[in-house]
Amino acid sequence: MSALRPTPLCEQLGVRYPIFGFSHSPDVIVALARAGGFGVLGLARELPEHVPALLTELETKLAGLPYGIDLMLPQHVPEQSDLRTLRAGLPEQHVAFVRGLEDRFNLAAPTQPSFFTSQVRSEALFRQQTEWVLESRAALVATAIGLRPELISRAHAAGKLTASLVGSVRHAQKARAMGVQVLVAQGYDAGGHTGPIGTMSLLPQIVACAPDAPVLGAGGIATGGQIVACLAMGAQGAWLGTLWMAAEENHTPPNLLKRLVAGRSEDTLITRAHSGKPCRVIRSPWIDAWEESHAPAPLGMPEQQALTGQAFASMHEYDDAQTIYEAAGQSVFAIHGATTVQDQVAQLVIEAEKALAALAG
Ligand SMILES: Cc1cc2nc3c(=O)[nH]c(=O)nc-3n(C[C@H](O)[C@H](O)[C@H](O)COP(=O)(O)O)c2cc1C
């Protein structure tokens, strides 16, 4: 038996290792489950019409292995919204700036259907996503950016564990007051939307403020030693995101993978240019252009994504070597080339066992 033992949360979920992985790729979720970890599928970028078939296929491949689903539910989004109307109301200065960038970088119009070119985050979309999650076999429902009391109580009634990504003690207390069971303490180091507190400082504070709740550490974590550090700080596991982008199961566009391999922790930065909310990404000339002195301040969420969604979809569809970027954490330091989830989990476990042995003297 591995020295990296299952924690009570692992036992509750039926997984071997305290390794939790967030990904937008169903293939990563399946590979994580087969490797003994717990995968959580992000639905925030899926076209609504694709979700039911996607979940059916995922559950078939999982063949009973446990998994979770993550929804991004920001507050203050429109009740119903269509992208065309939202786009028509965007400030002219911003539209002209983005047109200029698309010309400067020679970005072709995307042709494939994608969330970024056809959807707007709205209450109507969130209601639809909620129903799918509740109907699914997911053992855990995680939410980020916003909390919805109705989703939490209905998930509990359906026998699902609830989790929330939190970036401060205040967030954690709010989530607990609404009944959220598992807290993911996600620090400033993380890929994606983050707050200002680093993982190493955040995690012990969240553990202390919610002594009865299982807590997971997230943000900047990509080695087994860091997983052991999370356990030492009172967490029941670590939640990793960026690392899986190196796995073939993530289907990362080759030029993005090159950028991640070349990227160091200091090549990630927090910007509002991606979504309108502070989000850590791997920098590219597209992101740098938003830092130039004549650039307008990014709009809010969901307007910024309505403004830049075409460009983001184009970079990814054509794997544009110059502009392509993605959410990525300081953990990018551990991406050295293409690999598989199975090899990544095996390496994390070996590193964790070594760290535990070193600590035991
Ligand atoms: C490409 C990418 C997309 C992400 N999208 C989401 C998301 O939709 N919902 C969410 O809760 N977290 C999202 N995250 C954050 C992860 O859940 C996780 O907290 C983070 O990746 C941990 O930090 P790390 O990237 O340093 O491992 C995303 C992260 C990455 C790298």
Side-chain angles (χ1 to χ4, degrees), residues 19-25 28-29 32 37-46 68-74 115-116 119 121 125-126 129 133 140-147 162-167 171 175 180 182-195 197-200 202-203 206 215-223 226-227 230 235 237-247 250-253 256-257 259-260 263-265 267-270 274-275 277-282 301-302 305 312 315-316 324-335 344 348:
I19 299 174
F20 294 74
F22 172 92
S23 176
H24 287 288
S25 164
V28 168
I29 305 309
L32 267 167
F38 187 81
V40 181
L41 179 70
L43 282 190
R45 296 178 175 189
E46 291 305 326
I69 296 182
D70 174 283
L71 294 177
M72 211 172 81
L73 303 173
F115 183 91
F116 294 97
Q119 301 295 313
R121 299 192 195 286
L125 175 69
F126 297 163
Q129 290 176 330
V133 172
L140 175 140
V141 181
T143 59
I145 303 196
L147 289 159
T162 50
S164 179
L165 274 74
V166 297
H171 282 161
V180 170
V182 180
L183 298 174
V184 182
Q186 192 211 242
Y188 174 80
D189 334 23
H193 296 99
T194 70
I197 309 172
T199 305
M200 198 76 179
L202 179 69
L203 180 52
I206 302 301
V215 176
L216 302 172
I221 300 168
T223 70
Q226 289 173 291
I227 295 173
C230 288
W239 169 291
L240 287 65
T242 296
L243 190 66
W244 317 117
M245 289 196 282
N250 194 62
H251 314 293
T252 303
L256 174 59
L257 182 56
R259 179 152 276 150
L260 294 169
R264 299 153 299 173
S265 297
D267 296 316
T268 68
L269 81 169
I270 295 194
H274 174 60
S275 69
K277 288 192 184 287
C279 182
R280 185 177 291 283
V281 303
I282 185 93
M301 184 183 266
Q305 222 141 43
F312 187 71
M315 303 167 197
H316 281 253
I324 197 164
Y325 76 90
E326 181 52 282
Q330 294 186 351
S331 45
V332 74
F333 73 85
I335 293 188
Q344 290 178 312
L348 290 170

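Numbering starts at 1 and runs along the sequence shown. Every heavy atom of this structure was used, including side-chain atoms; hydrogens, water molecules and symmetry mates were not. When a ligand or atom number is given, it counts from 1 through the structure's own listing order.
- The distance criterion of under 3.5 Å between nitrogen or oxygen atoms is not met by A144 with respect to ligand 1.
- If you check each of G191, A238, G187 against atom 29 (C) of ligand 1, the one with the closest non-hydrogen atom is G191.
- Against a heavy-atom cut-off of under 4.0 Å, A44 is close to the following atoms of ligand 1: 8 (O).
- Taking a cut-off of under 4.0 Å to the non-hydrogen atoms of Q186, the atoms of ligand 1 that pass are 15 (C), 18 (C), 19 (O), 20 (C).
- For S331 (side chain) and A222 (main-chain N/O), no donor-acceptor pair under 3.5 Å exists by modelled atom type.
- Annotation for ligand 1: atoms under 4.0 Å from non-hydrogen atoms of L240 are 27 (O).
- Heavy atoms only, all atoms of each residue included: I29 and G21 are closest at CD1-O, 4.3 Å.
- Checked against a 3.5 angstrom limit, the closest N/O atoms of Q330 and ligand 1 fall outside it.
- Relative ring orientation between F312 and H316 is described as tilted, the plane-to-plane angle lying within the 30° to 60° band.
- Residue contacts with ligand 1: D70 is placed with a nitrogen or oxygen under 3.5 Å of a nitrogen or oxygen of the ligand (distance criterion only).
- Here the heavy atom of the protein found nearest to atom 18 (C) of ligand 1 is W239 NE1, 3.4 Å.
- The shortest N or O to N or O distance between G241 and ligand 1 is under 3.5 Å.
- Every residue two or more places apart in sequence or in another chain was checked for a ring-ring contact (aromatic ring centres under 6.0 Å, His included) with F115, and none qualifies.
- Shown in contact with G220 at under 4.0 Å from a heavy atom are these atoms of ligand 1, numbered in order with element: 23 (O), 24 (P), 26 (O).
- Panel note: side chain T199, backbone G219; a donor-acceptor pair is recorded below 3.5 Å.
- Here is the list of ligand 1 atoms found below 4.0 Å of a heavy atom in A327: 1 (C), 2 (C), 30 (C), 31 (C).
- The shortest side-chain heavy-atom distance between F333 and T223 falls under the 4.5 Å cut-off.
- Here the protein heavy atom with the shortest distance to atom 25 (O) of ligand 1 is T242 OG1, 2.5 Å.
- At a 4.0 Å heavy-atom cut-off, ligand 1 touches H24 through the side chain alone.
- Interface of S331 with ligand 1, defined as ligand atoms under 4.0 Å from a residue heavy atom, comprises 24 (P), 25 (O), 26 (O), 27 (O).
- Of the heavy atoms in L165, only side-chain atoms (C-beta onward) come closer than 4.0 Å to ligand 1.
- Taken from CZ in R121 to CD in Q305, the straight-line distance is 5.0 Å, to the nearest 0.5 Å.
- When side chains are defined from C-beta on, L202 does not count as touching Y188, because their heavy atoms never get closer than 4.5 Å.
- Protein heavy atom in closest approach to atom 6 (C) of ligand 1: F22 CZ, 3.1 Å.
- A heavy-atom distance below 4.5 Å is found between the side chains of L348 and L240.
- In plain terms, the two heavy atoms of T242 and G329 that are nearest each other are OG1-N, 2.7 Å.
- When all heavy atoms are compared, the tightest approach of A246 to L257 is CA-CD1, 3.9 Å.
- Not one N or O of E326 is nearer than 3.5 Å to an N or O of ligand 1, by distance alone.
- When non-hydrogen atoms are compared, ligand 1 lies under 4.0 Å from the backbone of A190 as well as from its side chain.
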